[in-house]
Structures are given as structure tokens and as C-alpha cells.
Amino acid sequence: MSIKEKVRNIIKEATLKTIQEKNLSKDDLPEIIVEIPKIDSHGNLSSNIAFLLANMASEDILKTAENIVKNIEREDIVEKVEIAGKGFINIFIAKDCLYKVLCQIEEESERYGCSNFGEEKKVLIEFVSANPTGPLHVGHGRGAVIGDTLANVFSAAGYYVEKEYYINNVGKQAELLGTCVEAEYKNLIGIPMDYPEDGYKGDYIKDLAEKLVKMGGKRYQDWGLDFFVRFTVREILDDIKNVLLSFQVRFNRMFSENTLYDSGKVDECIDILKEKGYTYEKDGALWLKTTAFNDDKDRVLIRENNVHTYFAGDVAYHKDKLSREYSKIINILGADHHGYTPRMECACEIIGYQPGLLEYLLYQLVNLMRDGIQVSMSTRTGEYITLQKVIEEVGSDAARFFFVMRKSDVPLDFDLELAKKKSDENPVYYVQYAHARICSILRQAKEKNIENISASEANLDLLSFPEELNLLFKLSILPDEIISITKNLETHRLANYLVELASMFHSYYAKYRVISEDKELTMARLCMCKAVLFAMRSIFKIIAIQAPDKM
RNA sequence: GCGCCUGUAGCUCAGUAGGAUAGAGCAGCGGUUUCCUAAACCGCGUGCCGGAGGUUCGAAUCCUCUCAGGCGCACCA
């Protein structure tokens, strides 16, 4: 249990005791919030519980605070308790307790920050799921990094995570794509065929047609549209997978829409919807009555021409996912799809699953910039910067960091030049540099033959400067941070934490010397450095960027 | 017109489940290296937290209204 969690429990116990003394019901216990005050003099942790309880018992706040403090069991970890402001309860953590964090980190090394909070519960995260109709663009990159990082966070917090990509390979778009390649191919081998007017532009269509010519010359001329669709989708998907791989993103499962049709699951699902009484026919089409829940209009499942809509397949897909007994299902989508989510949630309710199980995480769009000027992304003009080009240009590390460092609610300006800069303007290097510096210190220590002793043997009492204690405390809350991200899905917080930790370390580094004449002090500080190193590596692993030894 | 997201320092953004004196990076100015990497550190900020009401011991944060920007409102996927 982390320090923060322990303090929360201590305050909870004290509050419960106070409630009993006041003859209040236990149900009146307000939620216990422990937060980290902005100002050092307010202690390591602080609680506003007195305000909440006083309100409930209509009592004086200060008096309530005093009562609670009186009931606080003085455990080892609490050095001092103060009532400050108008009733905040401020907790100062005992140094010994902070030192123990170093021992813990040493033990867990690069796994520090992980916990068994999730109790191996199953979580499904579906992301990217880009239609295989063309190469990935930067927007997909953002979804990929958010999804992959989130998966790693859940994993670190003790969940069993599966990552899934839904391949939409059925329907008009897939057909159109196949037709484009067919036309391009036939023209190449001298058989005239009109290119579809609304067809896909872009060099990749031509590349694929050329590949076919190279593979079999004129052999495929009569193989039919179905062949071209399957070939094209497979090729594009391979390309997508490779790009994602170069971005350290791997999926546990690629789920193809057509398997739902082939196995009859779509029809099965529609039968169930019918049985539940939420379908009706109108204008020759079959509709789902999503307005019965929270949608602004009903949705078509089967068109007049007897062709299923995308929605029909997707409902069947969600039914399948819901039946797999996950404790949480997260769908990550670009914000341009937000209009779609209510109908899906309605459909899930109709099928009979409780609304909370399925959660959507929407991320705002990405503006690709170069030196502060927006790069136009027109498919029509062919001026189209793919995700692959971005990764090639700025590298996977910078790209991942940039995509993850902003809250998903806000549009992201991705500046290619900034991401490439090896300077202080670029936060990626700032955090990696901190890591490299520590490695350098450790190398020096080794060269000087300084004994490499464990934290339990070192005289950690020598770490007594405020900067050192603050650093230790910062390290102590990493597991809490990771757990909290599983609740709010705000992966950018990890990047913030990393920058803050790096900043604290850089600052410390400039002010104090780790390796000095004082052997004991040196060893204690080396222990602290190693702990920072492990914490950083642990986070690097989660956001999947390199931890360079040298820069 | 309706719905979702956003509006915080010159710029890009944090601001943890309402909390104490609103923060960081960049840009700008000035400084720091006989010593573990100067890709670093230190100092310098008079912000109608878009605006107006409201809830509360307490609001950038919650509610209502309003203004501005982005996105979405298909028998496309």
C-alpha cells in the first residue's frame, strides 16, 4: 500500500471514530480525499475532511478538525499533524517512511509503480480500428498512442488487458477501394476501365495495382471484384500493422467485420433485437428503436435493398465483446465520431448490458504543423503526410511523447520541427536527458570503485535536504498516479509526472553533488538516484519510449 | 437549429474528485561550468482563469444563461 493510501486510511479511521462519538450514522461518512498541497509548509498530504464533516454535523469546522486529529492513530508514517488554514488537516510524513520507498523501488526495480489494484480483472481496449482504405494518418497515431499507453497503464495497475483492432472490411467503402485497384490494374495491363469518380486518390492505389502486375501480369484480369477487395484490404492492413509495429503498438486481436457475417452472428444479433421488441419496419428497411433510450433518432439496421448497415455489424461486434466477460470495455475514437457513440450505447442497453461497462474515450483531432504553420492535409491534392512519414521524420520516441502529453479533450498541435529539435524546447529530450545523467553518475561511481550497496544497508538518514525528501515523496506517489489513470483515463498525466520528476532531479543535480568525498553520503545519494532511474524506466516502458544511457 | 469538446500569462498548455497565496514549458532579459553530461540549473510575471448570474465555509473547477473557436448531426464507414 502506498503512503498516500495509508494516510487516507488513517484519516478514514479517525473520521469514523469521530462520527461514532457524535452518534452519527456511518453512512454519513463523506468521501475521504487526500491531496498533495501546493505549498511545502502545508505538509506532504492534506485532507479537507473537517469541512465536509462539519457541514454534515453542523458544527464548527475547527472544532471538528480538532476532534478528528485527536482520533488519528499515530502510526509510524505520520511525523506530524497540523490543523491549518480554516480547518485543513495537514500530514507530514516521517522520513523513515520515505526512505523505505527506496528499498521498495530497489526491490521492484523497473516494475516500480505497478500494483495489483486491478486484481487481474479483464479489460478490453479497442483502438485505431482505422478502415483499411488507406494509410494511417496522424490522427490515428494519436489514437494508437493513447490506446497503447492506456493498455500499458491498466497492465501496470494489475489488470489483464487485451488490445483489439476492428477491421471494417465489409460494405461500400471496401468495394469502392477494390474497384479503384481493379481499374488501375486493368489500365496498366491495357484493358480500359473507368476509374470510379469518387474513388480514392493517392499513390498507394497505383502501387498496389503495380504490385499485382509484377506478381502475375495479366493473370488477375477476370478474377472479379471480390479478389481485388480482398487483396487490397490485406495489403493495406499489412502496411498498417507494420507502421504500428514501428510505433511499438501491437494488438492481441485483429477482429474482422466479415467474420461476424460469415458466422451468422449478425443475423443472430438482429434476431435478438427483434425478440426484445426494439425493431420495426419502415420504408422497406429494418430499424432499431434507439430513441427508446438516449438517441435523437432511430437507426437503420437493414436497408431497403437488404444490405446491412455498418451499424448492424457493429452492434453484433459489441454484443460479441460484451459477452466476453470483461470488467471494462474501452473504445477509443477520434472526436469526429462522437455523434456515433449514443446509438451504440443504446444498442448495448437494448441487448441488456449495464451502461457503465462500455466506456468511450474520445480524442480531439491533430493539427500537423511545421514551424508553427499548419500543414494542409488534403487527400484530393495528394499532399498527405502519413503517420509513417511522421515517425520516420521525428522518430517513435518524440512522436509517442507528443501524442501522449496532451489531454485527449484538447486538439493537439503536432509540430514536426519542434518534435525533431534536440533542444530544451523539446520535452522528450528533457526527460530522457535526466535518465542519461543518472546513468552517467552511476558510471562514474563504478569507475571510482564506490561500493554498490543496497538501500537497506545505506545510511539513508543522510538524505535530509528538502529537495531530497520531496523527491522521495514524489517517487512514492507513482503507484497512486498509475491507478488513478485507470479511473480517469487521462494518460497525459503520466507525461506530466515524468516531466515533473525530471525537473526535480535536474534541479537537485545542479545544486548538490551525488559523488563526493563523503562516502556514506555518496552511497545514500546513489541509492536515491537509482530509485529515480527505476521510476523513470518504469514510466518510459509504459509510454514505450527509449531510456538512453547516453545522449 | 441540435449535440459533444475547448476557452487559464505574448505562444503552447498543466491545474489531480470544488480547497489554502493560480502553475509549468517556450519565447524575452540577466546570470551559472577548476567538480557527477550546460540537451542542464538559477533569477525576473499587475493573468477581468472568455463574460454574467447562482450553489458553498471556499469556484478556474459544479449549475444556468451568454459570447467565441473546433468537431459532429446518413439507409457512409
Side-chain angles (χ1 to χ4, degrees), chain A residues 31 33 35-39 41-42 46-48 51 54-55 61 84-88 90 131 133 168 170-174 176 257 282-287 296-297 299-305 307-311 313-314 334-342 362-365 367 372 405-413 415 418 421-430 432-434 436-445 447-448 477 480-481 484-485 487-488 490 492-493 495-497 499-500 502-503 505-516 522 525-526 529 550-551:
Chain A
E31 200 169 359
I33 298 166
E35 55 182 11
I36 301 162
K38 289 174 201 147
I39 301 161
S41 63
H42 292 159
S46 167
S47 174
N48 64 349
F51 291 94
N55 216 355
I61 296 168
K86 299 156 204 151
F88 292 98
N90 296 337
N131 293 346
T133 53
N168 168 232
V170 175
K172 265 189 202 166
Q173 296 305 319
L176 177 61
E257 183 184 8
K282 193 180 98 185
D283 306 330
L286 183 73
W287 295 71
D296 350 306
K297 55 173 291 192
R299 307 291 172 174
V300 171
L301 290 166
I302 305 177
R303 302 185 184 95
E304 197 179 351
N305 61 8
V307 174
H308 291 76
T309 57
Y310 170 80
F311 180 56
D314 206 17
D336 52 338
H337 290 87
H338 81 262
Y340 183 77
T341 63
L362 299 165
Y363 61 92
Q364 297 291 322
L365 302 187
N367 294 315
M405 75 180 181
R406 294 276 178 254
K407 193 159 55 172
S408 60
D409 291 335
V410 359
L412 174 71
D413 286 342
D415 195 308
L418 178 60
K421 272 188 195 160
K422 304 204 169 188
S423 76
D424 47 3
E425 290 169 70
N426 192 337
V428 189
Y429 292 96
Y430 185 80
Q432 289 185 325
Y433 183 52
R437 264 187 157 172
I438 297 173
C439 290
S440 174
I441 294 171
L442 297 178
R443 278 195 297 272
Q444 293 272 336
E447 272 171 35
K448 294 189 175 159
I477 62 166
D480 301 288
E481 289 287 312
S484 78
I485 294 171
K487 296 173 188 165
N488 55 33
E490 294 181 339
H492 71 283
R493 299 254 285 262
N496 287 347
Y497 178 91
V499 171
E500 283 160 14
S503 164
F505 181 77
H506 281 311
S507 210
Y508 176 76
Y509 177 93
K511 190 164 171 187
Y512 302 99
R513 284 193 62 79
V514 174
I515 299 170
S516 65
T522 300
R525 288 182 173 173
L526 281 172
C529 287
K550 280 185 201 154
M551 283 175 79

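Heavy-atom basis, side chains included; hydrogens, waters and symmetry copies ignored. We name chains A, B, ... by the order of the sequence lines, and we start the count at 1 in each one.
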Under 5.5 Å centre to centre and under 30° between planes: does that hold for A:H42 and the six-membered base ring of B:A20? yes

Pair assignment for B:G10, Watson-Crick or G-U wobble, requiring both distances under 3.5 Å: B:C26

A:K407 side chain N/O closer than 4.0 Å to the phosphate oxygens (OP1, OP2) of B:G15? yes

Can you find an N or O donor on one side and an acceptor on the other, under 3.5 Å apart, linking the side chain of A:H337 with the base of B:G72? no

Counting only side-chain heavy atoms from C-beta out, which of B:G15, B:C4, B:U21 sits nearest to A:H492? B:G15

Assign A:D296 to base, sugar-phosphate, or nothing according to its heavy-atom contacts below 4.0 angstrom with the strands shown. nothing

Need one value for A:K448: base, sugar-phosphate or nothing, where a base atom within 4.0 Å counts as base even if backbone is also close, heavy atoms only. nothing

Between A:I302 and A:K487, which is nearer to the 5' end of RNA chain B once each is assigned its nearest nucleotide? A:K487

Which label fits A:Y340 and A:F311: parallel for a plane angle under 30°, tilted from 30 to 60°, or perpendicular past 60°? perpendicular

Does the side-chain ring of A:F88 lie flat on the base of B:A20, meaning centres under 5.5 Å and planes less than 30 degrees apart? yes

On a whole-Å scale, what distance lies between the P atoms belonging to B:U16 and B:U55? 24 Å

Between A:R493 and A:S516, name the one whose nearest nucleotide on RNA chain B is closer to the 5' end. A:R493

Nucleotide paired to B:C36 in any strand shown, Watson-Crick or G-U, under 3.5 Å: none

For B:U61 and B:G50, measure between their P atoms and round to the nearest Å. 8 Å

Considering only the P atoms, how many Å lie between B:A74 and B:A68, rounded to the nearest integer? 25 Å

Taking the six-membered ring of A:F505 as reference, does the NZ or CZ atom of A:R437 fall below 6.0 Å from its centre and within a 45° cone about the axis? no

Does A:R437 put a side-chain nitrogen or oxygen below 4.0 Å from OP1 or OP2 of B:A38? yes

Would you measure the distance from the C1' atom in B:C73 across to the matching atom in B:A14 and give it in whole Å? 32 Å

Could you please name the option among B:C5, B:A39, B:G15 that lies closest to any side-chain atom of A:Q364? B:C5

Does any part of the side chain of A:S516, heavy atoms only, come nearer than 4.5 Å to the side chain of A:T522, both counted from C-beta? yes

P gap between B:A39 and B:U33, integer Å: 15 Å

Under 4.0 angstrom, heavy atoms only, what part of the nucleic acid is A:A335 near: base, sugar-phosphate, or nothing? sugar-phosphate

Does OP1 or OP2 of B:A24 have a side-chain N or O of A:H506 closer than 4.0 Å? no

Could you pull out the closest heavy-atom pair between A:S46 and A:N90, with the gap in Å? OG-OD1, 3.0 Å

Let's see if you can work this out: which of B:C57, B:G19, B:C41 has an atom nearest to the side-chain heavy atoms of A:Y430? B:C41

Using the side-chain heavy atoms of A:A84, tell me which of these nucleotides is nearest: B:C57, B:A20, B:C4. B:A20

Tell me the partner of B:U16, counting only Watson-Crick (N1-N3 plus N6-O4 or O6-N4) or G-U wobble (N1-O2 and O6-N3) with both under 3.5 Å; none if nothing fits. none

Which nucleotide, in any strand shown, forms a Watson-Crick or G-U wobble pair with B:G53, with both distances under 3.5 Å? B:C63

Looking only at side-chain atoms of A:A285, point me to the closest of B:C75, B:G19, B:A20. B:C75

Given B:C57, B:A14, B:G72, the nucleotide with the shortest approach to the side chain of A:D336: B:G72

For B:U21, which nucleotide in any strand shown is its Watson-Crick or wobble partner with both distances under 3.5 Å? none

May I ask which nucleotide in the shown strands pairs with B:C75, Watson-Crick or G-U wobble, both distances under 3.5 Å? none

Under a 3.5 Å cut-off for both contacts, is B:U46 paired Watson-Crick or G-U wobble with anything, and if yes, with which nucleotide? none

Looking only at side-chain N and O atoms, does A:S507 come under 4.0 Å of OP1 or OP2 in B:C42? yes

Touch check for A:V499, heavy atoms < 4.0 angstrom, all strands: base, sugar-phosphate only, or nothing? nothing

4.5 Å side-chain heavy-atom contact, A:Y363 and A:L412: no

Return the nucleotide paired to B:C4: Watson-Crick means purine N1 to pyrimidine N3 with N6-O4 or O6-N4, wobble means G-U with N1-O2 and O6-N3, both under 3.5 Å. B:G70

Looking at A:Y509, does any N or O in its side chain come under 4.0 Å of the phosphate oxygens OP1/OP2 on B:C35? no

Categorize A:N496 for me: base, sugar-phosphate, or nothing, with a 4.0 angstrom heavy-atom threshold over every strand shown. sugar-phosphate

For a quick check of understanding: with a heavy-atom distance under 4.0 Å over all strands, which category does A:L301 fall into, base, sugar-phosphate or nothing? nothing

Using atom P of each nucleotide, how far apart are B:C44 and B:C26 to the nearest Å? 15 Å

Any N or O donor-acceptor pair linking the side chain of A:N90 to the base of B:A20 at under 3.5 Å? yes

Identify whether any heavy atom of A:Q444 sits under 4.0 Å from a base atom; if not, whether one sits that close to sugar-phosphate; answer base, sugar-phosphate or nothing. sugar-phosphate

From CD1 of A:I33 across to C1' of B:G58 the rounded distance in Å is 14 Å

Between the side-chain atoms of A:S484 and the base atoms of B:A17, is any donor-acceptor pair under 3.5 Å? no

Do A:W287 and A:L301 touch side chain to side chain, with heavy atoms closer than 4.5 Å? no

Interatomic distance at P, B:G54 relative to B:A59, whole Å: 12 Å

Minimum-distance nucleotide to A:E31 side chain [options: B:C36, B:C57, B:A17]: B:A17

Nearest to the side chain of A:K38, heavy atoms from C-beta on, is which of B:C71, B:A20, B:A14? B:A20

Go through B:A20, B:C36, B:A39 for me and flag the one nearest to the A:R513 side chain. B:C36

Tightest non-hydrogen contact, residues A:A445 and A:L526, listed as CB-CD1, 3.8 Å

Side chain to side chain, A:F88 and A:H42, heavy atoms closer than 4.5 Å: no

Please check this pair: side chain of A:N488 against backbone of A:E490, looking for a donor-acceptor N/O pair closer than 3.5 Å. yes

Report which part of the nucleic acid A:V410 touches: base, sugar-phosphate, or nothing (heavy-atom distance under 4.0 Å, all strands). sugar-phosphate

Of all heavy-atom pairs linking A:R525 and A:V514, the shortest is CB-CG1, 3.8 Å

Students often get this wrong, so: under 4.0 angstrom with heavy atoms, is A:S46 touching a base, only sugar-phosphate, or nothing? base

Which part of the nucleic acid does A:Y508 contact within heavy-atom distance under 4.0 Å: base, sugar-phosphate only, or nothing? nothing

When the P atoms of B:A17 and B:A9 are considered, how many whole Å apart are they? 23 Å

